[in-house]
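Input: a single structure, listed below in structure tokens.
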Amino acid sequence: MLRLLDSFTRRKVDFVPSEPGKVGMYLCGPTVQNSPHVGHGRSAIAFDIVRRYLTWSGFEVRFVRNVTDIDDKIIVRARECGEEVGAFASRYADEYNSAMAALGVRPPDVEPRVTGHIPEIVALIERLVARGVAYAASGDVYYSVDSFAAYGRLSGQSIDDLRAGARVELGELKQNPLDFALWKAAKPGEPSWSSPWGPGRPGWHIECSAMALAHLGETFDLHVGGKDLAFPHHENEIAQSVGALGEGTFARHWMHNGFVNFNDEKMSKSIGNVFLIRDLLERFDGETLRFFLLGTHYRSPISFEVFEQDGRAVFPGLDEADRRLEYFYGTLARLDAFLGEKREVSPGPVTAGADRLDPAVRAAMDDDFNTAVAVAELGEAARAANKLLDDPAGVPKDVRRRSLARLAHDLRETAVGALGLLGRPPREFLHARRARLAAARGIVEADVAERLTEREAARRAREFARADELRDALRAQGIEIMDTSAGPDWRIADA
RNA sequence: GGUGCCGUAGCCAAGCUGGUAAGGCAGAGGUCUGCAAAACCUCCAUUCACCGGUUCAACUCCGGUCGGCACCUCCA
């Protein structure tokens with residue numbers, strides 16, 4: 001039974017979708033006004049995992065992730081760039097999607113855009129006005145938080161608490177400083193759509209209500225997003241949706257992911273400690289970033305440590321993740337080499353531990369998507385595989401082969417199904433990694449191959465002194481030679 | 001001021017509907033190897049910021065203290 005921590009009730013609950021076997025899920029996607037940073041990646045990956053695991057568990061998931069392609073900042077930024085708003089937003093939406101693809105995030109089933117849902121938004125606002133929970137003022141429309149008794153429940157605050165801390169100056173149009181805009185009257189030169197209140201555009205929160213309702217219906221199972229969206233964004237979404245449709249509508253459960261912190265402080269554009277995904281991708285494989293992020297539970301803050309060494313940024317966590325991924329893919333490569341073409345798992349007994357990965361990963365994921373434990377289980381399985389590969393003593397041949405086939409199969413199956421990891425041919429990852437590290441150190445791969453051949457000749461002639469000399473020379477460059485039964489191979493030594 | 005989160009070995013990080021500390025990195029020793037590397041094996045927290053309380057039993061529950069972070073304004 002899958003259990004998840006519902007951030008609305010702050011309790012772990014059994015997850016039972018309203019319609020058996022089917023799940024409707026909404027994630028607040030990006031406001032496309034800038035290049036995506038690690039925090040965007042974490043959120044996208046965290047919920048990609050939720051979606052993947054639900055799907056892998058047999059649910060039919062309808063996953064909606066919107067693109068907010070019109071808002072104040074987009075207008076300002078587009079103007080700064082001298083670009084037309086629509087083209088500007090599209091450009092960043094494309095960048096977002098390609099960055100997420102590099103992180104192994106699968107595209108949503110539906111990717112609605114705000115500008116494609118103006119009629120739905122206007123209709124929802126009209127409904128709120130008709131119900132008396134929203135009011136028009138000089139071409140704007142505001143939501144009256146006082147009309148919604150449950151306002152603040154998601155974020156655990158009362159209207160009074162919020163009002164006390166509100167830093168917003170009381171705009172004369174708002175009846176309560178906490179009231180928020182559903183519709184904003186157009187200022188000269190801004191993109192606008194016609195509405196019963198005159199030309200304008202949607203406020204920040206209404207679009208998610210409208211698009212979620214449009215694509216998932218009046219009630220759906222999961223609404224997810226970053227912790228920072230809980231207030232006011234998600235709070236307002238609830239107010240709008242329940243305000244328009246009544247009690248018991250909208251999201252049944254809420255999930256929020258934690259932040260990525262930089263040296264223990266939240267990444268923030270104003271502090272200037274934001275790490276762009278595209279910059280990190282120049283140095284690390286997208287899968288490495290994903291692996292690193294999955295090492296921490298989605299609700300916990302991730303400390304993204306960075307320090308400078310020899311004038312160059314060093315990311316210890318990413319380096320470690322990269323090395324670990326090399327281990328996993330290396331294990332898969334060994335398994336593939338052993339199994340050859342016959343990789344199917346035959347029925348019959350396997351060694352102790354060779355069949356525990358699948359249930360262990362499911363148990364971990366069933367407990368509020370504990371990816372850290374799932375990854376640890378992957379490690380246990382890889383170790384068991386390597387051990388059996390290294391030391392066949394005492395294990396009947398057929399049992400050994402079957403166990404290794406099972407391990408190879410489950411390693412991939414669970415890693416891909418639950419975590420979106422280890423889905424590539426091992427050689428591809430291994431060679432890409434080596435090439436990347438080699439390039440960073442100015443090592444020419446062809447030169448290494450040449451020296452390796454030279455050393456092999458020396459070894460064959462049993463001129464070990466000469467062979468060792470060549471190896472030491474390569475090691476001085478940070479290259480490690482690995483003599484295997486299939487001939488010499490090499491890797492970049494760990495820093 | 002209001003609200004919420006966090007503090008587990010040198011570092012990263014699970015566990016927290018109570019029953020006696022997963023995993024990874026680093027480190028030490030070992031197996032394998034012509035020598036190595038990789039891989040594998042063994043060791044590495046009598047203790048979970050601190051102080052009280054509840055309990056037969058607390059890292060896990062309650063109260064308090066200290067320290068850190070976040071939200072209340074745009075933010076994944």
Side-chain angles (χ1 to χ4, degrees), chain A residues 3 7 10-12 27-31 33-34 36-47 71-73 76 152 155-158 160-169 178 204 224-233 235 256-261 264-270 274 292 295-297 299-305 316-317 319-321 323-324 326-327 330-331 334 360 364 367 370-380 382-391 459 462-465 467-468 471-472 474-475 479-484 488-491 493-494:
Chain A
R3 291 166 63 76
S7 32
R10 288 161 229 272
R11 305 191 159 214
K12 262 190 200 174
L27 164 63
C28 291
T31 296
Q33 45 115 2
N34 234 320
H37 60 248
V38 190
H40 292 104
R42 153 108 115 154
S43 187
I45 288 171
F47 297 117
D71 97 318
D72 295 351
K73 280 168 303 172
V76 171
S155 51
Q157 308 193 82
S158 69
D160 289 341
D161 293 340
L162 290 164
R163 199 197 306 255
R167 285 180 224 166
V168 278
E169 62 275 36
L178 297 174
W204 174 37
V224 302
K227 220 167 215 170
D228 48 352
L229 294 179
F231 190 90
H233 186 61
E235 197 75 72
H256 290 94
N257 69 275
F259 297 125
V260 175
N261 294 332
D264 291 334
E265 290 210 348
K266 182 186 169 186
M267 285 205 307
S268 154
K269 285 167 197 157
S270 52
V274 171
F292 168 74
T296 302
H297 185 86
R299 278 189 278 110
S300 302
I302 289 182
S303 22
F304 190 69
E305 303 296 331
D319 285 334
E320 186 181 324
R323 177 70 247 281
R324 197 64 185 148
E326 184 197 28
Y327 168 77
T331 301
R334 293 187 72 192
D367 186 14
N370 197 327
T371 56
V373 169
V375 167
E377 291 296 344
L378 246 32
E380 298 291 341
R383 185 149 55 82
N386 278 311
K387 189 173 177 176
L388 201 51
L389 245 13
D390 280 350
D391 180 16
R459 288 184 72 218
R462 303 198 68 79
E463 292 167 13
F464 292 123
D468 288 350
R471 190 191 51 211
D472 291 344
L474 285 171
R475 182 184 285 156
I479 293 163
E480 275 173 3
I481 295 174
M482 302 184 290
D483 291 321
T484 74
D489 197 2
W490 62 280
R491 65 186 289 275
D494 304 321

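Chain naming here is simple, since letters A, B, ... match the order of the sequence lines and numbering starts at 1 in each.
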Say whether, by atom type as modelled, one donor and one acceptor occur between the side chain of Asn370(A) and the main chain of Val373(A) under 3.5 angstrom.
yes
Does a salt bridge link Arg471(A) with Asp468(A), judged by any charged N lying under 4.0 Å from a carboxylate O?
yes
Touch check for [X], heavy atoms < 4.0 angstrom, all strands: base, sugar-phosphate only, or nothing?
X: His297(A); answer: sugar-phosphate
X: Asn257(A); answer: base
X: Glu480(A); answer: sugar-phosphate
X: Gly258(A); answer: base
X: Arg334(A); answer: sugar-phosphate

The residue, Asp483(A) or Gly225(A), whose nearest nucleotide of RNA chain B is more 5′ is Asp483(A)
Could you tell me how far apart [X] ([atom1]) and [N] ([atom2]) are, to the nearest whole angstrom?
X: Asp71(A); N: U73(B); atom1: CG; atom2: P; result: 17 Å
X: Leu229(A); N: U3(B); atom1: CG; atom2: P; result: 22 Å
X: His40(A); N: C74(B); atom1: NE2; atom2: P; result: 15 Å
X: Leu389(A); N: C40(B); atom1: CG; atom2: P; result: 10 Å
X: Glu305(A); N: C11(B); atom1: CD; atom2: P; result: 11 Å
X: Asp367(A); N: G15(B); atom1: CG; atom2: C1'; result: 9 Å

Closest non-hydrogen contact found for Thr371(A) with Thr296(A) is OG1-O, 3.8 Å
In the strands shown, is [N] matched to any nucleotide by a Watson-Crick or G-U wobble pair with both distances under 3.5 Å, and which?
N: C43(B); value: G27(B)
N: U33(B); value: none
N: U3(B); value: A70(B)
N: G52(B); value: C62(B)

Between [options], which nucleotide has the shortest distance from any of its atoms to the side chain of [X]?
X: Phe464(A); options: G24(B), G34(B), G4(B); result: G34(B)
X: Lys387(A); options: C40(B), A39(B), A76(B); result: C40(B)
X: Ala372(A); options: C72(B), A14(B), C74(B); result: A14(B)
X: Gln157(A); options: A76(B), U17(B), G2(B); result: G2(B)
X: Val260(A); options: A13(B), A76(B), A38(B); result: A76(B)
X: Lys227(A); options: C25(B), C5(B), G34(B); result: C5(B)
X: Ser303(A); options: C41(B), C69(B), A13(B); result: A13(B)

N/O donor-acceptor pair, side chain [X] with base [N], under 3.5 angstrom:
X: Arg459(A); N: G34(B); result: yes
X: Asp161(A); N: G1(B); result: no
X: Asp319(A); N: C25(B); result: no

Side-chain H-bond candidate by donor/acceptor type, Arg334(A) with Asn386(A), under 3.5 Å:
yes
P gap between G23(B) and A14(B), integer Å:
15 Å
